Amino acid sequence: MLEASFIRDNLEAVKANCKNRLATHAEVEKAVTLDDMRKKLVGDTQTIQQRANEISQLIPKEKNATKKQELIVEGKSLRERKTTMEGEVKRVEADLHAALLTIPNMTHPDAPVGATPADNKVVKRWGEPRKFDFVPKDHVAIAEALDLVDFEAGAAVTGQKFYFLKNEAVLLELALVQFTIHKLVAKGFTPVITPDLARVEVLEGIGFMPRDPNPETRQVYTVADTDLCLIATAEITLGGMLRDKILDEATLPKKYVGLSHCFRTEAGAPGRDTKGLYRVHQFTKVEMFAFCTAEQSEAMHLEILAIEEEIFQGLGLAYHVLDTCTGDLGGPAYRKYDLEAWMPCRGEIDKTTGRPKGEYGEVTSTSNCTDFQARRLNIRYKSAGQKGTKVAYTLNGTAVAVTRAIVAILENYQQADGSVVVPEVLRTWAGKEIIKRQ
RNA sequence: GGAGAGGUGGCAGAGUGGUUGAAUGCGUUAGUCUCGAAAACUAAUUUAGCCGAAAGGCUAACGAGGGUUCGAAUCCCUCCCUCUCCGCCA
């Protein structure tokens with residue numbers, strides 16, 4: 001959330017930014033108008049309060065009974081006016097709040113301006129897409145042949161796009177979790193296992209819209225008869241973890257690595273990636289999250305990106321890094337880098353060879369959200385010897401989204417005989433070098 | 001889930017209707033003293049909003065939200081949380 005006063009002072013820049021970000025429903029003008037109303041009302045209310053305070057101090061000193069009665073009557077009428085006005089203030093504040101939620105964060109000046117994923121800029125490539133001397137199978141076929149995933153049971157028990165992991169897929173998940181968490185702990189991140197549910201206000205603070213009245217576009221599952229949602233990422237719970245806290249600047253940056261399940265309705269993506277593990281309603285994810293100062297945030301962002309790269313280099317998976325364009329940033333991100341790993345069987349089939357062309361598919365994403373999330377969550381920091389507090393900066397990044405990593409591993413590490421080699425870094429944790437069936 | 005106790009500033013802990021944003025102690029910071037330090041002494045020490053160039057002023061906040069009252073940390077109601085005991089459970 002941006003501050004109303006910031007919007008007022010930077011009106012044109014905010015409007016231009018909303019346009020770049022395709023935030024067509026952003027209520028920029030309305031927010032400023034409502035903030036003006038709020039200021040006026042608050043000022044008036046305070047003037048009344050001031051007079052009421054004076055009177056209540058005069059009353060016990062007043063000896064004359066008639067005059068005393070007059071003061072009491074005046075105090076009473078002031079209270080009534082104040083109550084009315086406070087009601088108005090509340091209404092205006094609620095409207096202002098709603099308007100502010102529609103306005104996205106500002107954008108890093110170097111982020112590419114553009115409307116579609118095609119405008120994302122490739123800033124780095126690592127590794128070569130693997131060339132196969134046989135026709136590679138996609139991860140669904142591999143998983144089926146090796147009895148690694150049961151989609152049918154997932155559909156029967158829960159619904160479409162749910163699944164059971166089985167056999168070595170389970171070991172792979174646990175290995176990926178171990179590998180990444182141990183790496184992050186070694187880098188000074190505090191490991192956390194978070195709740196898989198969170199309150200609506202926390203979701204909103206992070207930038208989700210759990211109150212979206214339209215179930216066709218709502219991104220998260222809500223739990224009936226409560227104000228809880230299933231989290232779409234541990235970013236929600238990790239960010240919420242320090243809400244309403246005032247941090248000591250000397251302790252920043254605070255770095256956490258969180259493990260959670262993620263639940264996504266995938267509204268707005270109907271029919272896309274219907275097969276397999278690529279787009280599912282539930283998956284396990286290891287997430288990095290950092291709280292820091294404004295000055296530290298860009299370096300922190302690059303640090304998180306470097307760790308994501310290190311993880312995928314460790315897994316031996318070719319990837320490229322995208323600098324996400326304005327239209328694709330979403331609400332809270334000031335700048336966002338995505339890692340897309342090479343998935344040999346993603347995308348179309350080549351008509352002439354009959355082989356899949358392969359595509360890069362998103363496996364991680366890291367965002368610098370500046371103070372956009374922390375302002376709503378009321379997370380601030382204080383420096384020694386300085387008066388007042390500043391709003392903290394928050395950053396997040398995927399260490400590993402397990403299902404997508406499994407897709408990439410199965411497709412990239414498959415062999416002609418149908419077996420799959422376990423990436424070396426995972427072997428200790430998975431307890432195997434190869435996945436095969438007799 | 002049931003019974004009881006409780007939630008006040010960085011911490012401890014007073015305060016039960018009227019200049020109490022809040023005693024006192026500890027802590028922290030600055031100053032005095034000292035060659036330096038300790039001790040002692042002096043002073044400062046919450047956050048947010050609004051106004052102001054600034055100095056500063058005003059308003060709000062004693063778990064949260066309502067209510068009573070001219071006036072609430074203090075009285076009433078609802079909710080939340082913590083602790084102890086019991087129940088249930090992994």
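What you see is a predicted model; the values in this text were computed from it and never measured. Lettering of chains follows the sequences in order, A, B, ..., and the numbering in each one begins at 1.
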* Asked: B/G31 and B/A38: how far apart are their P atoms, nearest whole angstrom?
  -> 12 Å

* Euclidean distance for P, B/C79 against B/G4 (whole angstrom) -> 15 Å

* **Whole-Å gap separating P (B/G71) and CD (A/E70)** => 18 Å

* Taking the same atom, P, in B/A5 and in B/U47, what whole-Å distance lies between them? -> 36 Å

* **Spacing between A/I72 atom CD1 and B/G18 atom C1', to the nearest angstrom** => 12 Å

* Candidates B/G71, B/G66, B/U47 - which lies nearest the side chain of A/K90 -> B/G66

* For B/U28 and B/G10, measure between their C1' atoms and round to the nearest Å. => 8 Å

* side-chain contact (heavy atoms from CB on, under 4.5 Å), paired with A/M343, selected from A/V363, A/D138, A/L410 -> A/V363

* Asked: Just to confirm, is there a sub-4.0 Å distance from OP1 or OP2 of B/G49 to any side-chain nitrogen or oxygen of A/R38?
  -> no

* To do: Can you figure out which of B/C70, B/C51, B/C58 approaches the side chain of A/Q50 most closely?
  => B/C58

* Can you name the one residue among A/I435, A/N167, A/L165, A/V402 that meets side-chain contact (heavy atoms from CB on, under 4.5 Å) with A/L172? -> A/I435

* Would you kindly give the NZ-to-P distance between A/K82 and B/U59, to the nearest whole Å? => 12 Å

* **Separation between the P atoms of B/U74 and B/G6, rounded to whole Å** => 15 Å

* Asked: Whom does B/U82 pair with, Watson-Crick or G-U wobble, provided both distances fall under 3.5 Å?
  -> B/A5

* Go ahead and name the base partner of B/G17; Watson-Crick or wobble counts if both distances stay under 3.5 Å, otherwise write none. => none

* Asked: Looking across every strand, which nucleic acid part, if any, lies under 4.0 Å from A/K382 by heavy atom: base, sugar-phosphate, or nothing?
  -> sugar-phosphate

* To do: May I ask you to verify if any side-chain N or O of A/T389 is less than 4.0 angstrom from the OP1 or OP2 atom of B/A48?
  => yes

* Asked: Any donor-acceptor pair under 3.5 Å linking the side chain of A/E308 with the backbone of A/L339?
  -> no

* Gap between atoms CG and C1', on A/L41 and B/U59 respectively (whole Å) -> 15 Å

* **Candidate nucleotides B/G18, B/A48, B/A60, ranked by approach to the side chain of A/N53 - the nearest** => B/A60

* **Cation-pi geometry met for A/R404 and A/Y278 (6.0 Å, 45°)** => yes

* What distance, rounded to whole Å, do you find between the two C1' atoms, one in B/G27 and one in B/C85? -> 35 Å

* To the nearest Å, how far apart are A/E3 CD and B/G49 P? -> 7 Å

* Asked: Relative to the 5' end of RNA chain B, which residue comes earlier, A/I246 or A/A52, by the nucleotide with the nearest heavy atom?
  -> A/I246

* What is the ring orientation for A/F162 with A/Y221, classed by angle as parallel under 30°, tilted 30 to 60°, or perpendicular over 60°? -> tilted

* Considering only heavy atoms from C-beta outward, does the side chain of A/V149 approach that of A/K166 to under 4.5 Å? -> no

* Reckon A/T45 touches a base, only the sugar-phosphate, or nothing at all at heavy-atom distances under 4.0 Å? -> nothing

* Asked: Looking across every strand, which nucleic acid part, if any, lies under 4.0 Å from A/R51 by heavy atom: base, sugar-phosphate, or nothing?
  -> nothing

* Taking the side chain of A/Q49 as heavy atoms from C-beta outward, which of B/A48, B/G66, B/A60 is closest to it? -> B/A60

* To do: Can you tell me, in whole Å, how much space there is between the P of B/C11 and that of B/G67?
  => 30 Å

* Of A/V42 and A/T47, whose nearest nucleotide on RNA chain B comes first from the 5' end? -> A/V42

* To do: Go through B/C70, B/U47, B/C50 for me and flag the one nearest to the A/R380 side chain.
  => B/U47

* Asked: Under 30°, 30 to 60°, or over 60°: which ring-plane class applies to A/H301 and A/Y337, parallel, tilted or perpendicular?
  -> tilted

* Taking CZ from A/R243 and P from B/C81, how many angstroms apart are they, rounded to a whole number? -> 13 Å

* Span that lies between the C1' atom of B/G13 and that of B/G7, in whole angstrom -> 14 Å

* What does B/C75 pair with, Watson-Crick or G-U, if both distances are under 3.5 Å? -> B/G67

* To do: Would you kindly give the CD-to-P distance between A/Q57 and B/U20, to the nearest whole Å?
  => 9 Å

* **Atom-to-atom span, CD1 of A/I48 to C1' of B/C50 - whole angstrom** => 15 Å

* Across all strands, who's sitting opposite B/U42 as a Watson-Crick or G-U wobble pair, both distances under 3.5 Å? -> B/A30

* To do: Would you state whether a donor and an acceptor, one from the side chain of A/Q46 and one from the base of B/G49, lie under 3.5 Å apart?
  => yes

* Asked: Does some side-chain heavy atom of A/K187 sit less than 4.5 Å from a side-chain heavy atom of A/I307?
  -> yes

* To do: Under 4.0 Å between any heavy atoms, over every strand shown, what does A/I59 touch: base, sugar-phosphate, or nothing? Just pick one.
  => base

